[in-house]
Structures are given as structure tokens and as C-alpha cells.
K.L.:
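Structure below; questions to follow.
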Amino acid sequence: MYDQIRNNKFNLPIRMKQKAPQISPNKLYASLLKKKNESDQQQKIVKSPVIQGNVYINSLRNNQGQLKVDAKKSRPTSGKDLKDISTVLLKKTHARQNSKIIETKENSQNLTQSALQLLQKIKAERPDNKIGQIQTSKEILQYHQQLIQKQYQKLLDLSKQTEHNQLQQQQQQQQQQQKQKLFKGPRSISNPDISTLQLCITKAHAKSIPGMLYTGQTKINQDSYKLIQKFGTKENDWYLQVSDGHGTNGHQVAQFVQEILPAYIEQEVMEAPYYYDRDKTINNIFKQSFLKTNEDLLNSGIDVTYSGATTVVVIAFENILYCANIGDSRAIIGRYDTKLQVVELSKDHKPDCFLEQARIIQRGGRVQAYSDEEGNPIGPARVWKLDEDVPGLAMSRSFGDYVASQVGVIQEPEIIKHQLLPSDKFLVVASDGIWEFLSNEWVIETVNEYYKKGDAIGACNKLTISCKRGLVEGR
């Protein structure tokens, strides 16, 4: 078939391919070199360190994968020319790629140096710079070891602080237990001097002596007292009572009140659910117990027509004190806070007090002191019947005193609540045998000297001796 075609024996029309116009190798090289330079300039503008594909070769190909050649130029006619061209292109391509690799390495080195310089500048300008400059691996390791040491020291300090707090808690618990262990003394002591250490009563002592008449004869001791430790159910709850009798049968009245009143109060305290409203409950207990005691006294057979007794009661529930008082017996606290001062737990019920006098007058009585021939007042104000000079009672509240009770003398106590403070040092409860001759300020100054020495017995002896000396001097 080939021979037929070549000899054209079949007389078929054969279209012969025309020869392409020839182009010189120099012109082709110049054209390719120009395009290569343009491509290099574009790549320099991009400044990409990545070696891209052969843009030059791709740009010379059309969609069919053939090389693009200027329409006015023709392909080389011989294979030798094509070989020479490919050799030239190959050499130029290698040279271009090598130059790009070198340029990329230089750019990387420049970038690394610039980054290091910038990093050094930032760390040098940072205010909290701890490293100062780029450190070696040995310095970095040393720095991390220092951080670990600081963290370990913080944990160690925290552990020590925790142990210290636990030790403080244990000491506080031990102090609380020691505070609850109170001194167990006798259950009946008069005129107590009580030191209040750590917000509770820890020591108590008292002494009572009979008074003297103006003739120098010794009177019957009409004072009575009651001191109950572990009052109710708690060991650090206390009951303190001082009663002072007056009149012919005053000593019997005081003794009766000493026995009956604490029993009523203790029974009510044990039975009453006062935990929700202790103040209201205690007030009610005091009032009811005082009234019941007075009713029992009127029915006891003791002649109380012109006889009676004043009474002051102090109940201590740990650091809370409740004081109930009728008459002129008194309870005070010695407080030392930068200076020594008096805190009164009770008020004397004198007939010339405004509210007391108003009640007495309203109930048909009158308030007046003794008077001499010229009408000048002598001594304290007293309670009298409106149309008679009886009974002449020098207080407006008391147990008994039947005649005086008809003209406004009552048995309802005045109640005062007090919460102990660390500055409250001691408590003094006494009858008017002390307060008639000794002032509150003198008493606390004297007792404070014995309080510093822990000598409650000495304080009681000093008060009674001073009171007796004042009585003798007054006589």
C-alpha cells in the first residue's frame, strides 16, 4: 500500500503539507531569552521563596500542548537546530532554577536574621522582661528550675499556714474546754464578788456581817443570799441572789425569799422552751416567780404588816446576764477599757423617783421624808398612807410590806439584760448595807486591786470592814 501511495498508482489526490517558514536559531534564542527575562522580573516582584513550576515552558505552550511560536517565524528545518535549541533551553533553565534556589536561601537567612533582631528588640523593650535576651538552653533550664523552686516554696508556705490555722483551732478548743471547767464552791454565799474571766463566771466569794444600832448594839443580820453553780443543766450557768430584810420580822422574810424564789425560777427555767425567745421567756419567769413568792409569803404565817425584804437576782447564762431587782439592793460590773468604770445592772427603787412616785400617789399614798419641828426633811423619801403616818417605807418595791402594798408598793421586778464583754472584769452584788456607806466608784476601785491579784476573799473582807468603819463613823 505504501508503495502504491508513494507511486500514486491509484491516482488519488494527495495534499502535500507545505513547508513552514524557517527561522534562525539566533532569533529564536533572542525571543526565548526576552520572555525568560520578563518572567524573572515578574517572579522578583512576587518575591516568593517557593520554587514554582516552569512558567517559561508553560507560557510557550498552547491548549494542545504545542510550543507557541510567533506567526511570522517558522520552525527550524533540521533536527540539529532543534537539538541546539533544546540544549540552550536546558542550560538556561538550570541556571534560572539554581539562581532561584540561591535567592530563596538568601531570603530565608535575611528573614531569620530580621526575625531574631525583632524578637530581641521586643524582649528588650518589654517592662516585665525576666530573661532579658535570647538565652541558651542551659539558661532556660536554670530559669525553669527557679520557677519550680518558687512554686514549691509557695506550696510549702501554704502548708505551714494550714498547720498554723489548725494549731490555732486546737488552742481555741482547748481554751473553750478550760473555760467550761468552773470552780465548784459552796452553794450559799452572801455579798459575792465575782470575777468574769473569758466571758463567764469563774470564781466567787462573799461575806456578810450584822449591822449596828445607833446605840452601838449589834443588830440581827437580816441579809440572806443564794449562790447556785450549774444552775439548770449547764455547768457555767449561775444563779446569784441577795435579799435584805427590814422591819420587825425582816430576817424571816429574807430567809423565806432565799428558799422559795430560787426554787420557782429554777423550775420554770428547766421546763420553759426559751431557746426561741429567751429574753421574753426569762422576763415572764422572773415576774411570775416574784409574784408567786410574794403570795406564798402572805400565806406563810409570817407577820408582814410592816416587814418585808428587797431582793436582787442575777442569772448568768454563759456570757449573758439577766438582773431582776426590787428595792435598793444593787448589782454592778467593774469594767476596764482604757480606764475603770461602773456598769449598773440594777436601779434602786426609791419612792421619790418620778414613775414610782406617780404610781404611789395614784393608788392613794404619799411620798415624804421625815421632818423636824421646823418642817425640814430628814433622811430619804418614804411611802405613807394618805391620811396616816404609816408605814414610812424607804423603798417603792419589796416583798411583804402589806400596808405599803395597799398604797402602791409592788413586787414586780425591773429586769435588765447585759451581755458580757472582754473588758468586764468582775461583778459585785450587795445589799444597801454596802451602798449606803460606799459609792459605786469606790467599790470598783477597791475590788479591782484585789481582782488583779485574784483575791476574791480579800475583796469581800475589805468591803465589809470599810462598811462597818463607815457605820461607826456615821454613828
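Given the structure is predicted, the values throughout are model-derived calculations rather than measurements.
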K.L.:
Less than 4.5 Å apart, side chain to side chain, heavy atoms only: is that true for T446 and S466?
P.N.:
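No; the side chains remain at least 4.5 Å from each other.
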K.L.:
How long is the gap from OG on S224 to CD on E259, to the nearest 0.5 Å?
P.N.:
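With rounding to 0.5 Å, OG (S224) is 9.0 Å from CD (E259).
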K.L.:
Once rounded to the nearest 0.5 Å, what's the spacing between atom CG of D348 and atom CD of E414?
P.N.:
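If I round to the nearest 0.5 Å, the distance is 10.0 Å.
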K.L.:
Return yes if some donor-acceptor pair links the side-chain N/O of W435 with the main-chain N/O of A430 below 3.5 Å, else return no.
P.N.:
yes
K.L.:
Taking the side chain as C-beta and beyond, is there a heavy-atom pair between L421 and D337 under 4.5 Å?
P.N.:
no
K.L.:
Could you list the donor-acceptor pairs under 3.5 angstrom formed by side chains in residues 300-309, with sequence neighbours left out?
P.N.:
| unit_1 | atom_1 | unit_2 | atom_2 | d |
| --- | --- | --- | --- | --- |
| S300 | OG | L297 | O | 2.6 |
| S300 | OG | I302 | N | 3.4 |
| D303 | OD1 | T305 | N | 3.1 |
| D303 | OD1 | T305 | OG1 | 2.8 |
| S307 | OG | T248 | N | 3.2 |
| S307 | OG | N249 | N | 2.9 |

K.L.:
Kindly compute the distance separating NE2 (H251) from NZ (K219), expressed to the nearest 0.5 Å.
P.N.:
12.5 Å
K.L.:
Measure the spacing between NE2 of H418 and CG of L321 and express it to the nearest 0.5 Å.
P.N.:
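Reported to 0.5 Å precision, the distance equals 6.0 Å.
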K.L.:
Determine, using ring centers only, whether Y370 and W384 are less than 6.0 Å apart.
P.N.:
yes
K.L.:
Are a donor atom and an acceptor atom from the side chains of Q153 and D157 found within less than 3.5 Å of each other?
P.N.:
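Yes - a donor-acceptor pair under 3.5 Å links their side chains.
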K.L.:
Are the side chains of I444 and N440 in touch, meaning some heavy atoms are under 4.5 Å apart?
P.N.:
no
K.L.:
State whether the number of non-hydrogen atoms from other residues, nucleotides or ligands found under 6.0 Å of L155 atom CG is greater than 12.
P.N.:
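Counting other residues, nucleotides and ligands, CG of L155 exceeds 12 neighbours.
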K.L.:
With the threshold set at 4.0 Å, does a side-chain nitrogen-carboxylate oxygen contact exist between R366 and D389?
P.N.:
yes
K.L.:
How about Q241 and V257: do any of their side-chain heavy atoms sit closer than 4.5 Å?
P.N.:
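Yes, side chains in contact.
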K.L.:
Can you find a heavy atom in the side chain of Y239 that is under 4.5 Å from one in the side chain of L261?
P.N.:
yes
K.L.:
Going by heavy atoms in the side chains, are N319 and Q419 under 4.5 Å from each other?
P.N.:
yes
K.L.:
Side chains of D401 and P391, heavy atoms from C-beta outward: is any pair under 4.5 Å?
P.N.:
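The answer is no, as the side chains (C-beta and beyond) never meet within the 4.5 Å cut-off.
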K.L.:
Can you tell whether the side chains of K347 and E356 come within less than 4.0 Å, N to carboxylate O?
P.N.:
no
K.L.:
For residues 341-360, which residue pairs pass the ring pair (Phe, Tyr, Trp, His ring centres under 6.0 Å) check, not counting sequence neighbours?
P.N.:
none
K.L.:
Once you measure the plane-to-plane angle for F317 and F231, does it fall in the parallel (<30°), tilted (30-60°) or perpendicular (>60°) bin?
P.N.:
tilted
K.L.:
Is there side-chain contact between F426 and V428, with heavy atoms separated by less than 4.5 Å?
P.N.:
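Of all side-chain heavy-atom pairs linking V428 with F426, at least one is under 4.5 Å.
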K.L.:
Measure the CZ-OG1 distance between F286 and T281 for me, rounded to the nearest 0.5 Å.
P.N.:
12.0 Å
K.L.:
Assess the pair F290 and Y264: is the distance between their ring centroids shorter than 6.0 Å?
P.N.:
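When the ring centroids of F290 and Y264 are compared, they turn out to be at least 6.0 Å apart.
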K.L.:
Check the side chains of Q255 and Q258 for a donor-acceptor pair under 3.5 angstrom, ignoring hydrogens and angles.
P.N.:
yes
K.L.:
Enter the distance from I326:CD1 to S346:OG here, rounded to the nearest 0.5 Å.
P.N.:
12.0 Å
K.L.:
Would you check if there is a donor-acceptor pair between the side chains of N283 and Y322 at a distance under 3.5 Å?
P.N.:
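Result is no, nothing qualifies.
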